[in-house]
Amino acid sequence: MQSNPFNNLPKIKKRDAINILRKPISEVKILADYYKAVFHLANFPCEESEMVLLNFVKHDSEKLEYKIAKRKAIEVLAVFDCKKAIPTIADFLKDHNNDAYLLEIAIWSLGKLQCNDINIINNICSILHQQFNNKRVVIQTLTNLGVRKEIDKIRSLSKDKQSSNGVKGASFAALIKLAGEEDKLSYLKDFLRLSNQNDRHCAIQDIINAGHISVLPVL
């Protein structure tokens with residue numbers, strides 16, 4: 001895991017972080033302070049922190065620093081297991097064309113929060129059929145949520161020559177986990193020997209997601 005530069009900065013007290021996040025953008029001199037505040041507020045899981053983060057993500061700005069802080073706030077809400085954030089986070093599934101990174105973190109967060117709302121799940125499923133660069137996170141989330149309705153689409157992505165190794169690996173893991181297709185494990189084992197380091201890391205994650213962590217030490 002890469003070190004985060006904010007780890008090397010003086011710690012921000014909970015109250016200071018909250019005060020920063022409550023300020024309108026016109027009153028914040030250094031916009032990167034938003035991210036810094038979110039990062040440190042992650043150390044204080046409580047209802048007050050959740051409400052401040054929820055209110056923060058409901059606002060928007062074209063400023064890149066704000067967008068980055070907003071994505072981090074959504075991630076923190078998921079890590080806090082803040083179930084009441086699900087409807088707000090689900091609204092970002094509509095942000096397909098404006099901020100692909102926001103969409104990615106929204107999908108991941110809904111999986112982390114174990115969202116069981118059928119309408120939201122259907123919206124996540126629909127993204128598999130759209131132009132979207134990171135279908136890997138969609139497949140991983142559906143696997144995490146135990147959603148089987150897109151098995152045929154996932155199977156087709158596992159065979160598609162246009163699919164990246166990351167998408168194929170996540171697809172194989174989904175087929176193993178959701179459809180019991182244990183034969184797909186051999187493909188994931190092969191991916192552990194790919195020349196690209198990121199592909200190998202993804203393969204390890206996929207094997208874990210497929211529930212076969214026991215095969216890793218012998219390879």
Side-chain angles (χ1 to χ4, degrees), residues 1-117 119-121 123-124 127 132-138 140-142 144-145 166 198 201-202 205:
M1 181 180 294
Q2 294 181 342
S3 61
N4 192 305
F6 288 99
N7 284 329
N8 300 320
L9 294 177
K11 299 295 183 182
I12 297 177
K13 294 180 180 179
K14 174 185 174 183
R15 184 52 49 192
D16 292 335
I18 287 174
N19 288 340
I20 291 171
L21 293 176
R22 283 178 171 165
K23 285 183 180 180
I25 198 166
S26 60
E27 296 180 12
V28 178
K29 294 181 180 179
I30 303 175
L31 294 183
D33 283 350
Y34 278 137
Y35 183 95
K36 185 166 61 174
V38 173
F39 179 85
H40 287 295
L41 196 58
N43 296 315
F44 304 99
C46 65
E47 186 172 356
E48 183 181 26
S49 296
E50 291 177 2
M51 292 308 301
V52 170
L53 291 170
L54 261 175
N55 288 331
F56 181 75
V57 302
K58 288 177 181 177
H59 296 286
D60 199 13
S61 170
E62 290 305 311
K63 298 291 186 180
L64 179 60
E65 296 91 340
Y66 195 97
K67 289 179 179 289
I68 293 172
K70 185 173 180 176
R71 296 170 202 153
K72 183 64 178 180
I74 293 170
E75 175 189 326
V76 173
L77 284 166
V79 172
F80 280 177
D81 197 31
C82 180
K83 302 292 188 184
K84 59 178 172 286
I86 288 176
T88 299
I89 296 174
D91 283 341
F92 298 124
L93 297 179
K94 306 168 188 174
D95 204 26
H96 182 207
N97 296 317
N98 295 326
D99 189 340
Y101 296 113
L102 180 64
L103 180 56
E104 286 179 24
I105 196 64
I107 294 169
W108 176 87
S109 296
L110 291 167
K112 178 74 173 175
L113 289 167
Q114 287 294 301
C115 172
N116 59 8
D117 184 298
N119 292 322
I120 295 174
I121 289 173
N123 286 335
I124 296 173
I127 297 171
F132 181 55
N133 287 334
N134 194 357
K135 290 188 176 179
R136 176 177 170 82
V137 72
V138 183
Q140 288 177 313
T141 296
L142 294 178
N144 186 27
L145 294 176
N198 186 61
H201 287 169
C202 287
Q205 183 181 44

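Values below: every heavy atom of this structure, side chains too, minus hydrogens, waters and symmetry copies. Being a predicted model, the structure only gives us computed values, none of them experimental.
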| query | Can you list every pair that meets salt bridge (charged side-chain N to carboxylate O under 4.0 Å, His left out) and has a residue in residues 16-26, with sequence neighbours left out? | reply | none
Show every donor-acceptor pair shorter than 3.5 Å between a side-chain atom in residues 47-61 and any protein atom, with sequence neighbours excluded, or say none if there are none.
residue: E48; atom: OE1; partner: K14; partner atom: NZ; Å: 3.3
residue: E48; atom: OE1; partner: R15; partner atom: NH2; Å: 3.2
residue: E48; atom: OE2; partner: R15; partner atom: NH1; Å: 3.1
residue: E48; atom: OE2; partner: R15; partner atom: NH2; Å: 2.9
residue: S49; atom: OG; partner: F44; partner atom: O; Å: 2.6
residue: E50; atom: OE1; partner: K84; partner atom: NZ; Å: 2.7
residue: N55; atom: ND2; partner: M51; partner atom: O; Å: 3.2
residue: S61; atom: OG; partner: K63; partner atom: N; Å: 3.1

| field | Point-to-point distance, once rounded to the nearest 0.5 Å, from CD1 of I124 to CG of D117 | value | 9.5 Å
| query | Atom NZ of K135 and atom CD1 of I107: how far apart are they, to the nearest 0.5 Å? | reply | 11.0 Å
| task | Compare every heavy atom of I74 with every heavy atom of A106, then report the nearest pair and how far apart it is. | result | CA-CG2, 4.5 Å
| remark: CG (L93) and CG (N123) are apart, to the nearest 0.5 Å, by 6.0 Å
| request: Just jot down the side-chain contact (heavy atoms from CB on, under 4.5 Å) partners of E104, sequence neighbours excluded, or say none. | output: Y101, F132, N134, V137
| How about L64: does its CG atom have over 12 heavy atoms from other parts shown lying under 6.0 Å from it? | yes
| task | Looking only at non-hydrogen atoms, find the nearest pair between I120 and A90 and report the distance. | result | CD1-CB, 3.5 Å
| Atom CD1 of I89 and atom CD of E75: how far apart are they, to the nearest 0.5 Å? | 10.5 Å
| note | Shortest non-hydrogen pair, L102 vs I105, comes out as O-CG2, 3.2 Å
| message | Give me the atom names and distance for the closest heavy-atom approach of I121 to C115. | response | CD1-O, 3.7 Å
| field | Residues in side-chain contact (heavy atoms from CB on, under 4.5 Å) contact with A78, at least two apart in sequence or another chain | value | W108, S109, K112, L113
| query | In chain order, what residues pass the side-chain contact (heavy atoms from CB on, under 4.5 Å) check against N144, with sequence neighbours excluded? | reply | Q114
| Nearest-0.5 Å distance that lies between atom CG in L41 and atom NZ in K72 | 11.5 Å
| Taking side chain as C-beta onward, heavy atoms only, is Y34 less than 4.5 Å from I20? | yes
| task | Would you indicate whether the side-chain heavy atoms of K36 and H40 approach each other to under 4.5 Å? | result | yes
| task | Go through the structure and list residues passing side-chain hydrogen bond (donor to acceptor under 3.5 Å, both in side chains) with R71, not counting sequence neighbours. | result | D99
| query | salt bridge (Lys or Arg N to Asp or Glu O under 4.0 Å) with K83: which residues, sequence neighbours excluded? | reply | D81
| note | side-chain contact (heavy atoms from CB on, under 4.5 Å) filter on N133, not counting sequence neighbours, yields none
